[in-house]
Amino acid sequence: QVQLVEFGGGLVQAGGSLRPSCAASGHSFSDYDMAWFRQALGKEREFVAVIYWIGRSTTYADSVKGRFTTSRDNAKNTVYLQMNSLKPEDTAVYYCAARSGLLGAAEYRYWGQGTQVTVSS
């Protein structure tokens with residue numbers, strides 16, 4: 001069983017920055033792709049970013065490209081999402097998710113409980 005716990009959300013003014021983190025336990029963290037998703041009130045959950053298990057390459061949604069950066073520290077079993085130049089439309093609950101990169105899993109099987117990010121205008 002894999003456990004994911006997010007923390008580091010909060011309230012920030014537009015143009016500001018936040019750096020949520022996601023701590024993982026119960027699995028070989030370095031073998032997993034780690035992703036961030038978000039869900040705004042009344043909207044569907046959407047993909048934000050992923051950092052792959054091998055090579056630490058990344059992919060971002062167009063809406064956050066150039067503003068958000070995801071990184072991982074395998075020694076600490078933690079993934080980060082550095083969010084800069086925040087906009088009110090970034091307001092959402094942010095979730096981290098994990099899937100086995102080593103096994104080539106297509107779907108994210110493990111999810112955290114989410115952390116609220118609110119950007120005021």
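In what follows, every heavy atom counts, from backbone to side chain, and hydrogens, waters and symmetry copies are set aside. Index from 1, following the sequence.
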side-chain hydrogen bond (donor to acceptor under 3.5 Å, both in side chains) between Y52 and T59, worked out: CA-CA 8 Å; Y52 298 98; T59 300; 3.1 Å; yes
Would you say that more than 12 heavy atoms from the other residues, nucleotides or ligands in this model lie under 6.0 Å from the CZ of R109, or not? no
With the 4.5 Å side-chain cut-off for hydrophobic clustering, are Y108 and V79 part of the same group? no
Look at atom NZ of K76 and say whether more than 12 heavy atoms of other residues, nucleotides or ligands are closer to it than 6.0 Å. no
Quick one: does any side-chain atom of R19 pair with a main-chain N or O of Y80 as donor and acceptor, under 3.5 Å? no
Any side-chain heavy atom of E107 sitting closer than 4.5 Å to one from R99? no
side-chain contact (heavy atoms from CB on, under 4.5 Å) assessment of T70 paired with Y60: CA-CA 9 Å; T70 187; Y60 297 92; 3.7 Å; yes
Look at the side chain of T91 and the backbone N and O of V119, then say whether any donor-acceptor pair between them is shorter than 3.5 Å. yes
Rounding to 0.5 Å, atoms CZ (R67) and CE (M83) come to a distance of 9.5 Å
From M34 atom CE to S71 atom OG, the distance as rounded to the nearest 0.5 Å: 11.5 Å
Check this for me: does any side-chain nitrogen of one of E46 and R38 sit under 4.0 Å from a carboxylate oxygen of the other? yes
Considering non-hydrogen atoms only, spot the tightest contact between G9 and L18 and give its length. C-CD1, 4.4 Å
Relative to each other, are the rings of F37 and W111 parallel, tilted or perpendicular (30° and 60° limits)? tilted
Give the ring-plane orientation class for Y32 versus Y110, where under 30° counts as parallel, over 60° as perpendicular and anything between as tilted. tilted
Look at K87 together with D90 and state whether they make a salt bridge at an N to O cut-off of under 4.0 Å. no
Between the CG atom in L4 and the OH atom in Y95, the distance rounded to the nearest 0.5 Å is 13.0 Å
